[in-house]
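Report on the structure given below.
These values consider heavy atoms only, across backbone and side chains, with no hydrogens, waters or symmetry-generated copies. For reference, positions follow the sequence shown, starting with 1.
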Amino acid sequence: MAVRYDCTTDEGLTEGLRAAGLAVGRGELVVLPTDTVYGVGADAFRPDSVDRLLAAKGRGRAMPSPVLVASPDALDGLVADLPEQGWALVKAFWPGGLTLVARHLPSLTWDLGETNGTVAVRMPSDPVALALLAETGPLAVSSANLTGRPSPQDCDAAQDMLGDSVAVYLDGGATEAAVASSIVDVTGPVPVLRRAGAIGADLLRGIVPDLVEQ
């Protein structure tokens, strides 16, 4: 049965982070707040956990899970040759509502779905999410909704949809934004805006003027 923790209190946060860390270590799913919407997370390096995440959402491998990290430093262990424009976007918008698509290191043995050698990675600004990521390391995290349903802005909505498929729910209150992160692909010769979201194209072009929209 799922357990929920009120992370708006010091005691609930401490207990919740401990329980969530243990759950991730067991290969189970956790729900956590981010600065955009609530996400459902799993150990990014356990294919069985990622499969469990996709199954909970009713999502196929053709829509692989993004990865959340606690620091830009984590990119060195995940991404191969991030271009200068990618680093410029990281400096400008991390932590925050920007997801970067980059080539992942060939040595990584993870299986996030059909990624074609890429990874979508983001550093959120939510303190609960960052505290959990600092404990667990990179997590595969997707919006905590059933596929085709609205992305949840609070823990109630996430739990109503995902129920006992998730071991631990971290309730941090309502999220800051009602929209998902913007996704910029930096695997090609110019940055490509794959999904408009929390950060507008004009702001992105202020950092990478040659950005094109898909």
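With a 4.5 Å cut-off on side-chain heavy atoms, Val141 and Val67 do not count as touching. Proximity of Leu193 to Ile183: side-chain heavy atoms (C-beta onward) are nowhere separated by under 4.5 Å. Between Thr36 and Val179 the shortest side-chain heavy-atom distance does not fall below 4.5 Å. Between Leu139 and Leu133 the shortest side-chain heavy-atom distance falls below 4.5 Å. Leu53 is listed as a side-chain neighbour of Ser142, based on a closest heavy-atom distance under 4.5 Å. Contact annotation: the side chain of Thr34 approaches that of Leu68 to within less than 4.5 Å [non-hydrogen atoms, C-beta and beyond]. Contact annotation: the side chain of Trp110 never approaches that of Pro47 to less than 4.5 Å [non-hydrogen atoms, C-beta and beyond]. Between Phe45 and Val50, the closest side-chain pair of non-hydrogen atoms is not below 4.5 Å.
Annotation: side chain to side chain donor-acceptor pair (under 3.5 Å) contacts involving residues 204-214, sequence neighbours excluded, comprise Gln85-Asp210, Arg205-Glu213. Among residue pairs with one or both ends in residues 155-166, those qualifying as side chain to side chain donor-acceptor pair (under 3.5 Å) are Arg4-Asp156, Arg4-Gln159; sequence neighbours excluded.
Panel note: side chain Ser143, backbone Asn145; no donor-acceptor pair is recorded below 3.5 Å.
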Without placing hydrogens or testing angles, list every side-chain donor-acceptor pair under 3.5 Å for residues 93-106, not counting sequence neighbours.
residue, atom, partner, partner atom, Å
Trp94, NE1, Leu98, O, 2.9
Thr99, OG1, Ser181, OG, 2.7
Arg103, NH1, Asn116, O, 2.9

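For Pro127, the side-chain contact (heavy atoms from CB on, under 4.5 Å) test picks out no residue, with sequence neighbours left out. Residues forming a side-chain contact (heavy atoms from CB on, under 4.5 Å) with Glu15 (at least two apart in sequence, or on another chain): Tyr5, Glu11.
Taking the charged nitrogens against the carboxylate oxygens, Asp43 and Arg26 have no contact shorter than 4.0 Å, which rules out a salt bridge.
Closest non-hydrogen pair, Leu78 versus Val121, comes out as CD1-CG2, 4.5 Å.
Other members of the cluster containing Val212 are Val190, Val192, with ILVMFWY side chains joined at under 4.5 Å, either directly or via other members.
In this model, no donor atom of one side chain and acceptor atom of the other lie less than 3.5 Å apart for Ser182 and Arg195.
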